[in-house]
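The structure displayed is predicted, hence computed values, not measured ones. All ligand and atom numbering here is 1-based and tracks the order in the structure.
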Amino acid sequence: MYRTHNCGELRMADAGKEVTLSGWVQASRDFGALTFIDLRDRYGITQLVFNIEDDQELCERARQLGREFVIRAQGKVRERSNKNPNRPTGEVEIEMKGLDILNPSATPPFTIEDSSDGGDDLRMKFRYLDMRRDPVKDKIMFRSQVAFETRRYLTQEGFLEIETPCLIKSTPEGARDFVVPSRMNPGQFYALPQSPQTFKQILMVAGFDKYFQIVKCFRDEDLRADRQPEFTQIDCELAFVTRDQVLDTFEGLTKHLFKSVINVDLPAFPRMSYDEAIRRFGSDKPDLRFGMEFVDFTELVQGKGFQVFDQAEIIIGINLPHQADQYSNKAINELTDWMKRPQIGAKGLVYVKVNADGTFKSSVGKFYSDEELREWADSAGAEPGDLLLIVSGEKEKTQKQLNELRLEMGNRLGLRDGDDFRPLWVVDFPLLEWDEEAERFHAMHHPFTSPKQEDIERMLDGDHQTMKSLRADAYDLVINGAEIGGGSIRIHDRKLQERNFKLLGFTPEEAEDQFGFLLGAFEYGAPPHGGIAFGFDRLCAVMKGSMSIRDFIAFPKNNMGRDMMIDAPSPVDKDQLEELGLALRDRANVGNE
Ligand code: ASP
């Protein structure tokens, strides 16, 4: 037998028991007469003690053990004289009677400690060692628990877990597809799903009115921070539901996960329209843990001779309570430079300090009287000691810039950490986005999203301008400024779906070719339906207050999309390529034809 107990479970109540443990050598300390070994497995660490007076030979062997050796240890549990309150097993130790080396270990290339000395790539190459470290191990175990509770909740709510295929045809969700060549159909390709979107809709037509799946999705996107080319969704779809029923169900799921896994009672989830979110925060995923809402100064400040403001489409700002004294001219200049970096692209930054004596100090002081600045301060609710930061320019860009500034100030003032969770439903997204450059519409969510009921008529007969104003029955769940999930009520009517494809620039032939199966299914009694998908990796990260999703994935890719452990992607044999009809020879032929 390898073990009677694991390395995390022995307590004072077990004192006197004969036990066998197996695990990895975390550390060893040799004090001559006594040798201590910390034995680790995924459950914890237990101290083993070898006494030279009890058994010299055993003690000698213990001294030979290196880090990460796998051993079986047999002995008797006893109370420790020198207790370690930081460890659940810290009151006991094992008085050793027997030791087997199950497998020695090479010296690990980095320390297996909470804070390791290994760089990112090295740790990813030796991911199996990295996963022995608590910070990574805990996240992988945490994820398993969230997955379990998800299944429990949704199953109890009557959802069926149904798998959909990985080798499919393109689903247009806005990203590039990964493709897989088909050997049996030379020159043809499968695509890996960006999400099971069309399949889950077909499941609704099939009558499985509550579906879910914890499912891998694949998107060949350009590198962006903290994105993985393959990631996991909690994907759901329901038939015969209204938007509010979908929101209530997934609010219920989210509350259950927070309560059951991290014992947090989430507050009610407010609902905010997309327009309101943009107006108040300049973002469709506002972080509600702090205020600093946008103040619109446009009407107040124009027409007073300050060209920059007069020429701007919008002039907006935020108020930073008690920060006037914290920002010297130098600090303001630094902040201005920060705003002018190409990533943000602001042209400048105007400040107004509300002095304690009721006067003002401002970078635009020569254009505006104290009286006028008082009006600004009043409209922002600014008090003596506060600092107003103002940007101006083209509406959308300026809103984005001020959103960046708001988040940055939230970070600097420490308002974005801690274990405060602020969920929010953002609803009523625009249905279509006009792409100026390409002169075409894109679906803001995806092409299967329904316009709001009251906009259906306008969508069927409206003109171009009308299309820009259509609202979708689409929603996002945002927690602490992170988008946790999104979904929509779907179109279930062939005519409306065809109209949407047309608006998105598909010819009827293209629509038929790519989505004939769905349009066809809509002719055979498609029920009204809608759904949502949560980004599972991101949800786990947010629940743990972590900025990065990477460690919640057992085998993540680096930011070049590489798996450093197995070294993928990699070239394949010429034979393999030939079999797939992809050999260079063939490609050369194609070129020559
Ligand atoms: N398939 C969508 C996505 O991946 C989610 C949904 O609409 O249910 O974002």
(Q) Would you call the rings of Phe126 and Tyr128 parallel, tilted or perpendicular, taking 30° and 60° as the class edges? (A)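 Correct class here is perpendicular.
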Q | Parallel, tilted or perpendicular: ring planes of Phe441 versus Trp434, cut at 30 and 60 degrees | A |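 Plane angle over 60°, so perpendicular.
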Q. Does ligand 1 have an atom that lies less than 4.0 angstrom from a heavy atom of Gln201?
A. no
Q) At a 4.0 Å cut-off, with the gap strictly under it, does some heavy atom of Gln233 reach an atom of ligand 1? A) yes
Given 3.5 Å as the limit, does a donor-acceptor pair link the side chain of [X] with the main chain of [Y], or not?
X      : Y      : answer
Lys137 : Arg42  : yes
Asp537 : Thr232 : yes
Gln213 : Thr164 : yes
Asn500 : Pro447 : yes
Tyr475 : Ser488 : yes

At under 4.0 Å between heavy atoms, which part of [X] makes contact with ligand 1: side chain, backbone, both or neither?
X      : value
Ala533 : both
Glu483 : neither
His446 : side chain

Q | Minimal non-hydrogen separation, Ala474 against Thr449, with atom names | A |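 Looking at all heavy atoms of both residues, the closest pair is CB-CG2, 4.1 Å.
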Less than 3.5 Å between some nitrogen or oxygen of [X] and one of ligand 1, yes or no?
X      : result
Gln194 : no
Glu237 : no
Arg490 : yes

Q: Apply salt bridge (charged side-chain N to carboxylate O under 4.0 Å, His left out) to the pair Arg494 and Glu512, showing each step before the final yes or no.
A: CA-CA 11 Å; Arg494 177 167 184 141; Glu512 189 57 40; 3.0 Å; yes
In terms of atom number and element, which parts of ligand 1 are under 4.0 angstrom from non-hydrogen atoms of [X]?
X      : answer
Lys200 : 6 (C), 8 (O)
Ile532 : 8 (O)
Gly486 : 5 (C), 6 (C), 8 (O)
Ser195 : 1 (N), 4 (O)
Arg219 : 3 (C), 4 (O)
Gly487 : 6 (C), 7 (O)

